[in-house]
Asks: 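Structure in structure tokens, see below.
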Amino acid sequence: MSEQILKISHLSKSFGKNEVLKDIDFSVNKGDVTSIIGASGSGKSTLLRCINLLETPSSGEIIYHGKNILESTKGIPEYRSHVGMVFQSFNLFNNMTVLQNCMVGQTKVLKRKKSEAKEIALKYLEKVGMLPYIDAKPRQISGGQKQRVAIARALAMNPEILLFDEPTSALDPEMVGEVLQVMKQLADEGMTMLVVTHEMAFARDVSNHVVYMNDGIICEEGTPDEVFGNPQKQETKDFLARFRNE
Amino acid sequence: MEVFQKLWSDIVKLIAEDGSRYLDGAWSTILLAVVATAAGCLIGFICGVIQTIPQSKSDSVFKKVILTVVKAVVRVYVEVFRGTPMILQAVFIFYGVPYFTSALSGGPVNLDMNLAAYLVVSINTGAYMAETVRGGILSIDPGQTEGAQAIGMNHVQTMLNVIIPQTMRNIMPQIGNNLIINIKDTSVMFIIGYTELFAVHKGIVGANYLYFPSAVVTMAVYLFMTVVCSVILRAIENKMDGPANYDVKTTDTLAQTSGTYNFPSRKAKGGKRS
């Protein structure tokens with residue numbers, strides 16, 4: 001078994017009286033591609049946002065390399081720079097060009113030299129096929145292109161683990177493919193990924209671990225073959241049946 | 001038509017005799033308006049940024065207390081200087097400061113009139129700008145902040161690199177508004193003896209009783225100044241938007257249907273929104 005990067009234990013999150021996550025336990029090992037699936041409102045995105053501390057968990061522990069990052073707020077920016085995040089709504093910086101988007105984190109957070117940051121940014125922009133557009137502003141490119149830039153921006157920070165929060169949900173159908181292709185390539189190269197997705201084909205074919213969430217708890221988890229091929233729980237069966245019918 | 005001929009000859013006479021006084025007045029006005037708007041923007045940015053500092057439960061007690069006090073002070077400042085007439089603020093500060101400094105130093109100490117004028121207009125503009133900047137910061141999509149946080153930026157880095165540049169662009173029309181309002185409203189500074197354009201007008205008509213012709217000249221000069229400022233501000237906005245087009249270096253290999261279309265920018269669409 002490979003090295004454990006992230007371990008979540010007894011994680012709960014409530015918004016007021018509404019308990020969105022209940023006692024979540026799971027872990028991520030190096031090289032894992034984990035897909036989190038489940039109906040809307042089941043807490044998938046909240047779980048991902050808690051892992052990146054965009055939401056503060058109500059209780060529980062997030063252990064990153066043996067250290068509970070919830071103990072103090074001091075190390076949060078540094079931790080986040082190791083945990084990349086790709087958003088549903090891209091969240092590219094509107095005041096910067098594509099290239100600047102991929103450089104600003106490197107120069108300001110990692111304190112890399114400008115020339116070095118540019119080299120790294122260009123490398124990852126090439127990887128996602130966005131090299132031709134380095135001078136464009138986010139408003140000038142399409143959704144699929146924005147998401148690929150967002151992936152390059154996250155990669156340029158050399159994260160240990162990359163979180164994807166429904167990366168294709170805001171895209172037109174014809175642009176979903178180009179983003180999934182980039183994600184598949186990353187998975188093949190051994191990137192550790194945690195993907196909240198509604199793309200069942202991606203979850204089944206690309207990931208090596210699938211987590212099915214229902215109503216704030218992890219209902220079932222296992223390899224894609226186990227979860228998709230032979231689901232144990234009735235909720236999982238119902239959920240997957242709905243997707244097959246579509 | 002005779003009346004227009006008379007008006008014209010009066011105007012010519014006014015310009016011939018007092019043209020340089022009008023120019024001096026216009027210069028004082030524009031200088032005061034520009035400097036005070038710039039200073040007001042600075043004050044406004046500082047106040048607006050302070051008011052949007054996030055507070056979290058995990059902050060130390062010390063930080064919580066300091067933040068609460070500072071935010072309260074900013075709030076009071078904004079309410080006081082937004083909620084009272086500038087003409088009164090001028091009197092308040094021009095006579096108020098010496099009231100205390102004289103008592104402290106034992107003799108009469110007067111506040112310099114120019115200094116008082118610059119101070120009052122700056123502070124007044126700052127109070128309005130504080131709310132403008134706060135609104136500008138709040139209007140930026142929270143996703144921008146999340147995007148910045150997700151790559152490890154702290155609050156200061158996020159503000160400096162992502163939020164404030166976008167806020168600056170969005171509130172440019174409001175900064176322009178303030179500049180133009182200041183060009184006109186600095187006229188109330190005559191109350192403490194600052195000789196800007198309106199004071200010049202008052203002085204001139206006091207001597208020659210050409211009330212209407214002088215008003216025409218003064219109106220024209222004010223209008224000229226505000227229109228020129230509008231044009232300059234619009235040019236700055238366009239500059240901030242950057243080029244409407246960009247060069248595609250080669251072809252995009254991943255996108256099949258997208259990637260060849262050059263999305264029109266907001267500017268190119270002819271949209272007037274900002």
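Given the structure is predicted, the values throughout are model-derived calculations rather than measurements. So that the names make sense, note that chain A is the first sequence line, chain B the second, and so on, each numbered from 1.
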Asks: Between A/Leu92 and chain B, which part of the residue has a heavy atom less than 4.5 Å away: side chain, backbone, both or neither?
Replies: backbone

Asks: Is A/Asn52 close to B/Gln149 at the side-chain level, that is, under 4.5 Å between some pair of heavy atoms?
Replies: no

Asks: Considering only heavy atoms, which portion of A/Val83 lies under 4.5 Å from any heavy atom of chain B: side chain, backbone, both, or neither?
Replies: backbone

Asks: Does anything in residues 44-62 of chain A pair up under salt bridge (charged side-chain N to carboxylate O under 4.0 Å, His left out), and if so which pairs, sequence neighbours excluded?
Replies: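 Residue pairs with at least one partner in residues 44-62 of chain A: A/Arg49-A/Glu55, A/Arg49-B/Glu146.
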
Asks: Which of the residues A/Ser89, A/Ser81, A/Ala156 is involved in the greatest number of heavy-atom pairs with chain B at under 4.5 angstrom?
Replies: A/Ser81

Asks: Just wondering, more than 12 heavy atoms not from B/Met219 lying within 6.0 Å of its CE?
Replies: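 Atom CE in B/Met219 is not crowded, with 12 or fewer foreign heavy atoms closer than 6.0 Å.
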
Asks: I'd like to check the side-chain hydrogen bond (donor to acceptor under 3.5 Å, both in side chains) partners of A/Glu199; sequence neighbours left out, ordered by chain and number.
Replies: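 side-chain hydrogen bond (donor to acceptor under 3.5 Å, both in side chains) check on A/Glu199 returns nothing, list empty.
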
Asks: Heavy-atom count around B/Lys64 NZ within 6.0 Å, excluding the residue itself: above 12?
Replies: yes

Asks: Could you check whether atom CZ of B/Phe62 has more than 12 heavy atoms from other residues, nucleotides or ligands sitting under 6.0 Å from it?
Replies: no

Asks: Would you indicate whether the side-chain heavy atoms of B/Ile151 and A/Phe93 approach each other to under 4.5 Å?
Replies: yes

Asks: Chain B: which of A/Leu54, A/Leu110, A/Asp172, A/Asn101 shares the most heavy-atom pairs with it under 4.5 Å?
Replies: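 Looking at each of A/Leu54, A/Leu110, A/Asp172, A/Asn101 in turn, A/Leu54 comes out on top.
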
Asks: Picking from A/Lys108, A/Gln100, A/Gln106, which has the most non-hydrogen pairs under 4.5 angstrom with chain B?
Replies: A/Lys108

Asks: I want to check something: taking the side chain as every heavy atom from C-beta on, are B/Asp241 and A/Lys137 in contact at a cut-off of under 4.5 Å?
Replies: no

Asks: Sort A/Phe87 into side chain, backbone, both or neither according to what part of it lies under 4.5 angstrom from a heavy atom of chain B.
Replies: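 It is the side chain, since no backbone atom gets that close.
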
Asks: Please report the closest heavy-atom contact between B/Ala150 and A/Met85, naming both atoms and the distance.
Replies: CB-CB, 3.7 Å

Asks: Pick one of side chain, backbone, both or neither for A/Asn94, based on which atoms fall under 4.5 Å of a heavy atom in chain B.
Replies: both

Asks: Looking at A/Asn95 and B/Asn161, would you say the former's side chain and the latter's main chain have a donor-acceptor pair under 3.5 Å?
Replies: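 Yes; at least one donor-acceptor contact below 3.5 Å.
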
Asks: Can you say whether B/Gln157 sits under 4.5 Å from chain A via the side chain, the backbone, both, or neither, judging by heavy atoms?
Replies: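 The side chain, not the backbone.
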
Asks: Inspect the surroundings of CD in A/Glu119 and state if more than 12 heavy atoms from other residues, nucleotides or ligands are less than 6.0 Å away.
Replies: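 No.
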
Asks: Could you tell me the separation between the CG atom of A/Asn91 and the OG1 atom of B/Thr145, rounded to the nearest 0.5 Å?
Replies: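 If we round to the nearest 0.5 Å, A/Asn91:CG and B/Thr145:OG1 are 9.0 Å apart.
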
